[in-house]
Amino acid sequence: MLKASLCAVTLALCPYAMADTGEVQQVQSDIQHWIDRLQDETDKAAPVDYGYGPGVSIPQAQALSEGNVSTLHIAAAQIPTGGSNAHLAGVFGAPISWPIIPIHVVLLPDGRVMSYGTNQMGQQGAQLIYDVWNSKLGTGAGSHDVLPNTTKSDIFCSSQSVMLSGQVLITGGDLTVNGFRNFARNNTNVFTPSSDTLSANTPMNYARWYGSLVSLSNGQLVVFGGYQNQITKLSPEPAPTPELYNPGTHAWVALHGATSLPAFGYSGNWYYPRAYEGPGGKLLVVGNDGLLYSVSTAGSGSISRYTVTVPAGESDLPTVPFAPGKLLSIRDNKTVVVIDYTNATPVVTRKASIDAVRFWANGTVMADGRVLVTGGSAVANQLTSVDYRAEIWDPSTGLWTAGASAAKPRLYHSNSLLLPDATVLTGGGGAPGPVNNLNAEIYYPSYLYDSAGHPAIRPTISAVSPRSLNPGGTLDLTVGSTDQIGRLTFVRTGSSTHSNNSDQRFIVLSFKQIGQNVTATLPTNPVTLVPGHYMLFSFDKSGVPSIAQLVTVE
């Protein structure tokens with residue numbers, strides 16, 4: 001359905017003026033390239049894997065109610081023993097069942113995980129249910145609350161981000177017209193963690209499917225890209241005009257001064273645009289074609305293109321904000337670059353190539369600032385040269401090392417998310433197949449193990465004050481009686497979908513320790529320390545992290 005609808009765009013060439021025949025040909029070529037690359041969202045039969053293996057016919061409801069799945073579960077706080085290489089590569093836990101395919105995952109300010117994307121059979125659509133997982137209760141049936149979507153708005157392939165209030169803003173999604181799916185909607189919804197409810201919110205000016213939502217340093221949010229519907233033909237077109245959302249007034253403002261088909265239309269740049277706020281206050285947009293843009297949300301918005309470029313990439317390769325004003329971007333042909341946009345002109349530096357072509361891989365900043373890349377395959381969403389082994393990038397060396405290997409293929413609609421216990425949730429994939437993965441695997445990083453492969457003794461944070469503070473503020477911590485702290489890290493809670501997690505941030509805090517009392521100072525620049533919800537980790541002198549305390553920066 002999606003590819004057939006997009007073909008209409010090739011004929012219509014969108015309702016925007018083209019300069020000449022050459023530009024028309026360029027747009028036709030761009031559109032055809034991305035028609036060929038995009039996943040067809042039409043749901044189709046595929047084997048379902050509840051964690052036992054694809055095609056094993058154990059109905060999930062029965063498996064959960066009878067406790068069949070729980071025998072495989074390891075409580076999230078319980079670290080499994082690893083082999084002799086665990087302190088270098090980490091460990092993947094045994095597969096666990098998940099109530100839905102977690103196409104969208106959000107770490108809530110209370111440490112729970114909200115996910116949505118499909119029904120309980122792994123079929124496309126999120127108009128009926130969503131899930132909230134409490135890792136403190138382990139990974140069995142009792143740790144999940146599968147809840148009804150009372151708005152009936154299909155938020156499949158929408159965008160989401162946690163606001164300062166702790167609520168989750170969800171924009172756009174899937175619209176069914178005359179019995180056909182995969183059209184865009186302008187609905188927005190708000191998930192409230194205190195009641196675990198979803199409610200309708202103010203609609204956007206434009207319908208969007210596959211848009212990106214980015215939190216800003218002033219507490220507002222901006223949505224980029226996605227495609228909209230040409231109502232007269234019901235054929236999708238890029239949505240080239242960003243919109244700014246004010247949580248206080250619930251109002252959307254179209255940023256017409258930042259309208260750009262090159263930035264949010266051509267070369268598939270409308271598909272979950274990679275956009276990040278930098279230390280200068282403006283946003284950097286990284287195009288699949290290698291072009292870089294600077295966007296301001298002031299007034300009616302503005303956009304300009306940098307002369308600096310990066311190698312060409314794809315929408316199914318991750319770009320990860322691993323430090324203030326710095327991105328790790330995996331591009332075509334295993335090429336890897338760091339984009340430093342801390343100054344007026346970005347600086348692009350080549351780094352060591354990643355091990356393999358990993359279409360639909362996910363990138364996650366771990367508690368120590370290293371970047372974990374999981375999943376993917378050499379052919380997008382096909383079981384061809386599947387990448388089961390994790391790869392880990394170290395910003396201090398610029399080099400990659402091999403991690404542990406997962407048991408399940410994580411392809412299109414897979415996900416990953418850093419958790420407060422310093423582990424990484426990986427899961428999902430499917431809708432459409434080749435396997436509908438109603439399962440997840442928890443990755444236990446190397447910093448959780450000693451040299452013998454046993455779980456390391458962890459430092460503790462027994463108290464932190466205040467729980468809410470401003471940039472430049474001071475945090476007071478109480479640590480274990482014998483803990484000697486070597487490092488404090490501050491990691492912003494993530495919100496991930498479609499190989500994109502623009503909410504991640506990683507900051508090292510300066511601190512002083514006197515006995516069990518530790519005093520830490522936050523950066524003063526609100527753009528370096530984007531307001532939001534953060535995990536505070538303490539590391540001992542051996543590099544072992546505590547379980548995080550969650551703190552809000554306003």
Side-chain angles (χ1 to χ4, degrees), residues 1-3 5-6 8-9 14-16 30-31 34-35 37-41 103-104 116-117 124 126 153-161 168-177 181-189 201-215 221-231 234-245 252-256 258-276 283 285-288 293 295 297 301 303 314-316 319 412-413 495-503:
M1 181 63 191
L2 176 58
K3 290 188 179 182
S5 300
L6 280 173
V9 185
C14 308
Y16 303 97
D30 285 343
I31 291 175
W34 289 97
I35 287 174
R37 283 208 54 78
L38 283 175
Q39 298 302 313
D40 185 348
E41 295 286 10
I103 295 173
H104 303 258
Y116 62 91
Q124 172 188 344
S153 175
D154 193 347
I155 48 180
F156 173 77
C157 293
S158 59
S159 57
Q160 74 285 334
S161 184
V168 181
L169 179 64
I170 301 172
T171 59
D174 192 3
L175 180 67
T176 298
V177 179
R181 304 181 65 101
N182 302 341
F183 297 106
R185 60 168 64 241
N186 69 339
N187 302 55
T188 73
N189 293 271
N201 190 47
T202 310
M204 296 178 290
N205 294 285
Y206 299 97
R208 297 178 191 269
W209 202 29
Y210 305 119
S212 289
L213 191 59
V214 181
S215 295
L221 300 94
V222 60
V223 65
F224 292 104
Y227 77 57
Q228 57 184 326
N229 297 319
Q230 182 180 348
I231 300 301
L234 288 177
S235 59
E237 301 166 347
T241 301
E243 295 184 58
L244 188 65
Y245 179 73
W252 289 95
V253 175
L255 302 176
H256 293 291
T259 299
S260 173
L261 270 173
F264 309 116
Y266 304 161
S267 301
N269 289 336
W270 54 270
Y271 190 98
Y272 287 106
R274 273 38 174 178
Y276 314 88
L283 290 104
V285 177
V286 183
N288 298 315
Y293 298 88
V295 176
T297 59
I303 186 168
E314 310 284 355
S315 293
D316 44 14
T319 293
Y412 185 50
H413 285 159
S495 176
S496 178
T497 188
H498 292 76
S499 301
N500 187 27
N501 186 346
S502 62
D503 276 346

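Bear in mind the structure is a predicted one, so any value in this text is a computation, not a measurement. Only heavy atoms go into these numbers, but all of them, side chains included; no hydrogens, no water, no symmetry mates.
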Student: Could you give the distance from CZ (Phe264) to OG1 (Thr259), rounded to the nearest 0.5 Å?
Tutor: 9.0 Å

Student: Quick one, His498 and Tyr412 - any side-chain contact, counting heavy atoms below 4.5 Å?
Tutor: yes

Student: Please determine, by modelled atom types, if Asn201 and Tyr245 share a side-chain donor-acceptor pair under 3.5 angstrom.
Tutor: yes

Student: So among Arg181, Gln124, Arg185, which one has a side-chain hydrogen bond (donor to acceptor under 3.5 Å, both in side chains) with Asp154?
Tutor: Arg181

Student: Hey, what do you get for CG (Asn500) to OG1 (Thr319), rounding to the nearest 0.5 Å?
Tutor: 8.0 Å

Student: Search all heavy atoms of Ala184 against all heavy atoms of Asn229 and return the closest pair with its distance.
Tutor: O-ND2, 2.7 Å

Student: With no hydrogens and no angle check, is any side-chain donor or acceptor of Ser496 less than 3.5 Å from a backbone partner on Asn501?
Tutor: no

Student: Without swapping roles, check the side chain of Ser495 against the backbone of Asp503 for a donor-acceptor pair under 3.5 Å.
Tutor: no

Student: Does the side chain of Asn187 reach to within under 4.5 Å of the side chain of Pro203, using non-hydrogen atoms?
Tutor: no

Student: Provide the closest heavy-atom pair for Ser158 versus Thr497 in the form atom of the first, atom of the second, distance.
Tutor: O-CG2, 4.2 Å

Student: Any idea which heavy atoms bring Thr241 and Ala254 closest together, and the distance?
Tutor: CG2-CB, 4.2 Å

Student: Could you tell me whether the side chains of Asn288 and Ser315 share a donor-acceptor contact shorter than 3.5 Å?
Tutor: yes

Student: Can you give me the closest heavy-atom contact between Pro262 and Asn269, atom names plus distance?
Tutor: O-ND2, 2.9 Å

Student: Return yes if some donor-acceptor pair links the side-chain N/O of Arg274 with the main-chain N/O of Ser502 below 3.5 Å, else return no.
Tutor: no

Student: Enter the distance from Tyr206:OH to Glu237:CD here, rounded to the nearest 0.5 Å.
Tutor: 11.5 Å

Student: For a quick test of reading the model, state the closest non-hydrogen atom pair linking Ser212 to Pro273 and the distance between them.
Tutor: OG-O, 2.7 Å

Student: Rounded at 0.5 Å granularity, tell me how far OG1 in Thr202 sits from CH2 in Trp252.
Tutor: 9.0 Å

Student: Using the ring-ring contact (aromatic ring centres under 6.0 Å, His included) rule, pick out the option among Tyr272, Phe183, Tyr227 that qualifies with Trp209.
Tutor: Tyr227

Student: On a heavy-atom basis, which atom in Gly117 and which in Ala126 lie closest, and how many Å separate them?
Tutor: N-CB, 3.8 Å

Student: Can any side-chain N or O of Asp174 pair as donor or acceptor with the backbone N or O of Asn182 at less than 3.5 Å?
Tutor: yes

Student: Quick one: sort the Tyr116 and His104 rings into parallel, tilted or perpendicular, breaks at 30° and 60°.
Tutor: parallel

Student: State whether the side chain of Glu243 and the backbone N or O of Phe224 hold a donor-acceptor pair below 3.5 Å, judged by distance alone.
Tutor: no

Student: Going by atom types only, do Thr171 and Ser159 share a side-chain donor-acceptor pair under 3.5 Å?
Tutor: yes

Student: My understanding is that only one of Val253, Thr297, Val295, Leu213 makes a side chain to side chain contact (heavy atoms under 4.5 Å, CB included) with Val222; could you say which?
Tutor: Thr297

Student: Asn186 side chain to Met204 main-chain N or O, any donor-acceptor pair under 3.5 Å?
Tutor: yes

Student: To the nearest 0.5 angstrom, please state how far the CG atom of Leu221 sits from the CD atom of Gln160.
Tutor: 11.5 Å

